[in-house]
2 protein chains.
Amino acid sequence: MNTGDIMFKPPSFPSLRRFLMAGLLAISISGFAQDDLIWNALDPDNTVYLELQEGLVVIQLNPTFAPKTVKQLKLLMEDQFYRGTSFYRVIDGFVAQGGDESDIDGSTIAKALKAEFEIDWPLEAADKEQAKDWKPMSWTPVQTGDMFAAYTGFIDGFPAARDEKKGGKAWLTQCPGIVAMARNEDPDSGGTDFYIVIGQAPRYLDRNLTVFGRVVWGMDVVQRIKRGPALENGIIEKDLDRTWIKRMRLASNIDSEQRPDIYVADTNSDGFKKMIEERRNRKQKFFHHKPPKVLDICQIPIPARLEKRYVRKD
Amino acid sequence: MNTGDIMFKPPSFPSLRRFLMAGLLAISISGFAQDDLIWNALDPDNTVYLELQEGLVVIQLNPTFAPKTVKQLKLLMEDQFYRGTSFYRVIDGFVAQGGDESDIDGSTIAKALKAEFEIDWPLEAADKEQAKDWKPMSWTPVQTGDMFAAYTGFIDGFPAARDEKKGGKAWLTQCPGIVAMARNEDPDSGGTDFYIVIGQAPRYLDRNLTVFGRVVWGMDVVQRIKRGPALENGIIEKDLDRTWIKRMRLASNIDSEQRPDIYVADTNSDGFKKMIEERRNRKQKFFHHKPPKVLDICQIPIPARLEKRYVRKD
């Protein structure tokens, strides 16, 4: 099934065209055309539309791992805090960092937030109210003995890791596409300015920053954000050299007909688990040298699809 | 020294400006401003300029690991084979694959090449002629017990790995920015169409494809290459939706004054080795949780700098 991620050249030009016209190529080599993959619609209360000149970026928020951060972000968006701010520190292969480039002192809404770097595992309900409809969180295992953690896996659509102990901690891993709060030396100093990982996973940052979301659509747009000079910490001095944020809004604040119709694969579904196992055990003849049966948590794509084309109406 | 890759927010706006104006920020937080880092000029006989609408991409060739592939590529470039070809298969987070999207049957120059997936380690001179000025290759160690290989390290500016045996094999790892030949199921079927890794390292492809180069400048340009639909194997059907290759030339075929003046850090220099050790042992107070003392070979940037701005003259 999963040949979409190996390096097949297409057949020579004329036959490629034939294949494409017959629509066969897409079906036969798509890695995700299986029946047992469940597609979840995004929850508009936890979905952010980040609008750049280059296009739309859709971010799924994670209030389980970062409740305070998500709460404040929603307030900031409602206050149009990010409108007209920019990505002022962008290092290719590392991160795109945006916001108003201030510490949070100047804002009337934003507070420096307590670190939300990790959660207890398993996570229990915080109070009786929450306990009423509490469901234990899902864990889709990926790797035991990952180089940076005892265990890696997916927790409800997010790449994550856990330590060895029972009654230990779980955290969201610093994979490409994750969105986290920037901060100063003080662990409790983040609150407004955020970054998106745009290169090879900086896993050494795991458990050191509050990851509060993940780009589920539009990483190609994120990759067009203008870079700063790597040897000068990526800081972009000139306004014209920066990519600007037009708007950043919560999906539920937008007319439902104007929302892009995005579905994301359920990482807890059988189809997704099968995909993981097929990536671990590569059976195609293509593999002259059999890959070791290990998986990098940050190298497993979470399929997403757009049902109808998004056209901005305003 | 190496704080350029942690998540410091800049100080608030006014003081940031002050810092930048004084030029202090760049010096104090740049990770590579050390005396013992050696900068190598690129060898024009093994440097490729890939010109896209979006800008210039500079690729360093590796004739040690892929002698036949590099030789044929030079012939193809001299024949202007790539002029007006395109990136026809582009999957965000994975690869941008370009060329004339044919197998090599139609070309009078291109031959399907024998796989050049790995070399003997240590590599000996092939014949008496080569033995005359043979130097043993350098190995800058990065990680023992990498998840995908027994050892990882740098070999003359390229991320690489080795197996456990003495008298074993070495290969170039599939890190972001590497350039390799696409192929069909047959290991010896590649020859013209190539890909650039643009996402999290697909290390399961290690030892399965001929890596012949590395992007040393312009990865931000590569990241602007237009993507295809991930669920349809990234194939871009419409010409207008593709990024086209204007030219692809060997640097030595271009007037030296028109060449961008690029220097790449020597991965065998003391400064680079120090940088590796500082990344392994993160001592900054920023690290609330001390990262494990392991390194991902694909997450170590190889600094490069441009001495004077490149302006295309023709």
Side-chain angles (χ1 to χ4, degrees), chain A residues 4-5 7-10 12-13 16 20 25-26 29-30 32 92-94 101-103 105 117 146-148 176 182-185 187 193 195 199-205 207-209 219-220 223-224 227 230-233 235 237 282 285-289 291-292 294 296 298-299 301 303 305, chain B residues 4-5 7-10 12-13 16 20 25-26 29-30 32 92-94 101-103 105-106 117 146-148 176 182-185 187 193 195 199-205 207-209 219-220 223-224 227 231-233 235 237 282 285-289 291-292 294 296 298-299 301 303 305:
Chain A
D5 60 338
M7 295 312 311
F8 273 113
K9 285 197 303 182
S12 60
F13 193 78
L16 170 69
L20 286 172
L25 189 64
I29 62 180
S30 164
F32 312 114
D92 186 73
F94 184 40
E101 63 192 303
S102 73
D103 46 35
D105 295 342
F117 298 164
D146 170 87
M147 205 158 60
F148 292 86
R183 66 167 171 93
N184 297 321
E185 207 166 75
D193 288 15
Y195 67 91
Q200 184 75 4
R203 294 283 303 280
Y204 61 93
L205 296 174
R207 314 176 79 171
N208 276 296
L209 291 134
M219 262 314 278
D220 55 332
Q223 290 292 3
R224 297 179 88 87
R227 271 56 169 173
L231 298 186
E232 286 160 39
N233 201 19
I235 301 287
E237 289 191 59
R282 300 270 179 184
K285 278 190 191 158
F286 180 87
F287 290 94
H288 179 70
H289 177 87
V294 291
D296 170 2
C298 295
Q299 210 276 317
R305 60 190 172 89
Chain B
D5 58 341
M7 297 311 311
F8 273 115
K9 283 197 303 183
S12 60
F13 193 80
L16 170 69
L20 286 172
L25 189 62
I29 62 179
S30 163
F32 314 113
D92 186 73
F94 184 39
E101 65 192 302
S102 73
D103 46 37
D105 295 342
F117 298 164
D146 170 88
M147 204 158 58
F148 292 87
R183 66 166 170 93
N184 297 321
E185 206 166 75
D193 288 16
Y195 68 92
Q200 184 75 2
R203 296 283 304 281
Y204 62 91
L205 295 174
R207 313 176 82 171
N208 277 297
L209 291 134
M219 261 317 276
D220 56 332
Q223 289 293 4
R224 297 181 88 87
R227 271 55 168 171
L231 298 187
E232 286 161 38
N233 200 21
I235 301 288
E237 288 190 61
R282 301 270 178 182
K285 278 192 193 157
F286 180 87
F287 290 95
H288 178 71
H289 175 87
V294 290
D296 170 3
C298 294
Q299 210 278 317
R305 60 189 172 90

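These numbers come from the heavy atoms of this one structure, side chains and all, not from hydrogens, waters or symmetry mates.
The line from CE of Met219(A) to CD of Gln223(B) is 8.0 Å long, rounded to the nearest 0.5 Å.
In terms of heavy atoms, Gln299(A) sits closest to Tyr204(B) at OE1-CE2, 3.2 Å. Between Phe286(A) and Asn208(B) the shortest heavy-atom distance is O-OD1, 4.1 Å.
A search for side-chain hydrogen bond (donor to acceptor under 3.5 Å, both in side chains) contacts involving Arg224(A) returns nothing, not counting sequence neighbours. Residues passing the side-chain hydrogen bond (donor to acceptor under 3.5 Å, both in side chains) test with Asp146(B), sequence neighbours excluded: Arg203(B).
Using modelled atom types, one finds a donor on one side chain and an acceptor on the other under 3.5 Å when comparing Asp296(A) with Gln200(B).
The aromatic ring centroids of His289(A) and Phe117(B) lie 6.0 Å or more from each other.
Contact tally against chain A (heavy-atom pairs below 4.5 Å) for Gly93(B), Cys298(B), Pro292(B): the top residue is Cys298(B).
A heavy-atom distance below 4.5 Å is found between the side chains of Phe287(A) and Leu205(B).
Of the two parts of Arg207(A), the backbone and the side chain both hold a non-hydrogen atom closer than 4.5 Å to a non-hydrogen atom of chain B.
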